[in-house]
Amino acid sequence: MDRRNFSRKMLMAGLVMPAVNMNPALIPGNAEYFEEDVKKFPSREFDVVVAGGGTAGVVAATAAARNGAKTALIEGKGYVGGTVVEGGTALHSYFNLWTAFPGVEKRQVVKGIAQEIIDRLLKTGGTTGHGIVTGKIDYDSVCTAIDTELYKLAALEMLAEAGVNVFTNTLVAGAERKGTSITGVITQSRMGRELFKAKCFVDSTAYGDLSAYAGAEFKELNDHPVCNSMGLGNVNIEKLYTYLVKNNALGDLAYGLRDGKEGQIIRMGSESGYTIRGKLPDEFVDGVVKLGSGLITTTVHDNYLMFIKVNYKMPVSPTNRDEVAKAELIIRQNQYKTLELFRKYLPGCENAFIARTSPSLNIRRGRTITCDYDISLADVIEARHFDDDIMVYGFHDSAPRYQIKNGGTYGLPYKALRVKGIDNLLAAGMLITTDFQAHMSTRNTVCCMGQGQAAGTAAALCSAKRIGTRELKYADLRSALEEGNVYFEN
Ligand SMILES: Cc1cc2nc3c(=O)[nH]c(=O)nc-3n(C[C@H](O)[C@H](O)[C@H](O)COP(=O)(O)OP(=O)(O)OC[C@H]3O[C@@H](n4cnc5c(N)ncnc54)[C@H](O)[C@@H]3O)c2cc1C
């Protein structure tokens, strides 16, 4: 069957699949199509379906349920949390960037559910709290590090308390669309295929899987390396710190709660191997540069470096399963080589071992979904606000090169979450914002969480009112977000 007939047959069956996955040339070995009989799926009905239970999705589903929606959260892995528990170094950032601006004070500018997660983790020893980063970097930041395992537990408990129906180990595998609306999400699990119907949907899959299946416009920019961060156990952190200081190689540094004790090192390192050339042995520097390994880390526990990044630039977008399979092997080989370099050259790491890795590589970009508005770098650094702000944010990953004007905040508008051309689909997380440097702000964990709270809240309101996402009155959304303790500047 040719591709056009295949597509027509899928559409007649009510299924929409992204064209990118249907190109036989991308499938090695057998470039034939297999025609599956259209089956009857068991179908469930919800008010809101959130696809992807990661950084943004956990918050979106919690917010939707708290706002009265019968909510389903569909997550491919056996736990929730996504990249925040697998890749990132610290949660950036609940605060503005203030020190470059005389007279400007440190302010917490993201609250709501994002802060609630930290409050929960403080009770179980699962976070360092908000520690100020000092050291040799020339901008300030706040480092909020987490225990990845306790985060998974806290997030699952929070979802259960909110009454979210959580479907882990369940993959979003397609979408059913009628006209400009999605009617259901097709899933695949060990229980077979199912259809999850809803009035409103949130795509927080990072890859933009639901949007792509539903036929939304997207770009695949492939402008970042992928990564698998590993945790190293059996490390003497103070010995490593002393060595880096002695060699003038210490980058940023933060103190906070570690294993219940205040005032401990919770973040240290030197982000890029190049900055330590001439300070640490050449063989070590050349090795980590070649392997794409980062020396910056956070920890919540003694004797543990929680995230050592091992980056790899893929030749194509990480939506390509077969290239990802090759990358998974290369990165794991590079993790082991990185471990060997650490053991050989870094005092304190002589007996280190790989204590955790991410189950699959992490992305910084998958598909970027076209929404009604695309946040620009000027919006971010000029500290622009909109008449439909759903949160404010004050951090940029490329500081000090890019900072928010006057150490303030910019607003993320509701229109930046509305997926173009679809009446009942919102996007939240790393999958919005095309511009590389604007994305270097909006993709950060705490910003993704804030977007999640807005998307989940808006989806619940749209579902209750039986309206499309573009018909929702901003005043209604704003008051529900304020009720949810979201911080606004005015
Ligand atoms: C190596 C690395 C380091 C980083 N460092 C930092 C840092 O120091 N500070 C910071 O603030 N940010 C950092 N970031 C950025 C930040 O972690 C991410 O941008 C953010 O966590 C993305 O959140 P998200 O909700 O968009 O996606 P994710 O948290 O990845 O969530 C997506 C979820 O969707 C699920 N999913 C995907 N497809 C499907 C499907 N088809 N069906 C079902 N489920 C699906 C996934 O399993 C996952 O749980 C880093 C990112 C990386 C990769």
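Both counts, for ligands and for their atoms, begin at 1 and track the order of listing. If you read the sequence from its start, that first residue is 1, and numbering goes on from there. In what follows, every heavy atom counts, from backbone to side chain, and hydrogens, waters and symmetry copies are set aside.
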Give the numbers and elements of all ligand 1 atoms closer than 4.0 Å to a heavy atom of [X].
X    : value
N444 : 9 (N), 10 (C), 11 (O), 12 (N)
G82  : 29 (O), 48 (C), 49 (O)
C227 : 1 (C)
G87  : 1 (C), 2 (C), 3 (C)
G81  : 29 (O)
G429 : 26 (O)
C448 : 20 (C), 22 (C), 23 (O)
I363 : 53 (C)

Polar proximity ligand 1 side, [X] side, N/O cut 3.5 Å exclusive:
X    : result
D209 : yes
A90  : yes
L91  : no
G52  : no
H92  : yes
K309 : no
N362 : no

Of the protein's non-hydrogen atoms, which lies at the shortest distance from [atom], and what is that distance?
atom                    : result
atom 29 (O) of ligand 1 : T55 OG1, 2.6 Å
atom 4 (C) of ligand 1  : G88 CA, 3.4 Å
atom 11 (O) of ligand 1 : T445 OG1, 2.7 Å
atom 37 (C) of ligand 1 : T205 O, 3.2 Å
atom 44 (N) of ligand 1 : G76 N, 3.0 Å
atom 49 (O) of ligand 1 : E75 OE1, 2.6 Å
atom 26 (O) of ligand 1 : M430 N, 2.8 Å
atom 25 (O) of ligand 1 : A56 N, 2.8 Å

R367 vs S211, side-chain hydrogen bond (donor to acceptor under 3.5 Å, both in side chains): CA-CA, chis, key distance, verdict: CA-CA 9 Å; R367 298 185 187 90; S211 304; over 6 Å; no

[X] versus [Y]: any side-chain heavy-atom pair under 4.5 Å?
X    : Y    : value
T319 : I363 : no
Y393 : L412 : yes
C447 : F395 : no
H130 : Q115 : yes

T409 and E489: side chain donor to acceptor below 3.5 Å: yes

Residues Y402 and S441: side-chain donor-acceptor under 3.5 angstrom: no

Check against side-chain contact (heavy atoms from CB on, under 4.5 Å), F41 and E194: CA-CA 5 Å; F41 299 167; E194 289 165 280; 5.6 Å; no

Exceeds 12 heavy-atom contacts within 6.0 angstrom, atom NZ of K290: no

Whether T170 lies under 4.0 Å from ligand 1, heavy atom: yes

Heavy-atom gap A51 to ligand 1 smaller than 4.0 Å: no

Charged N-O contact under 4.0 Å between D47 and K199: yes

For atom 20 (C) of ligand 1, the option (of R443, R364, M449) bearing the nearest heavy atom: R443

Results of salt bridge (Lys or Arg N to Asp or Glu O under 4.0 Å) for E340 - residues two or more places apart only: none

All pairs passing ring pair (Phe, Tyr, Trp, His ring centres under 6.0 Å) where residues 426-449 contributes a residue, at least two apart: H224-F436, H224-H439

Aromatic Y414 / basic R418 pairing, under 6.0 angstrom, 45° off normal: yes

Spacing of N362 atom CG and T357 atom OG1 [to the nearest 0.5 Å]: 10.0 Å

Qualifying residue, where the test is side-chain contact (heavy atoms from CB on, under 4.5 Å) with V109 and the options are K111, R107, K106: R107

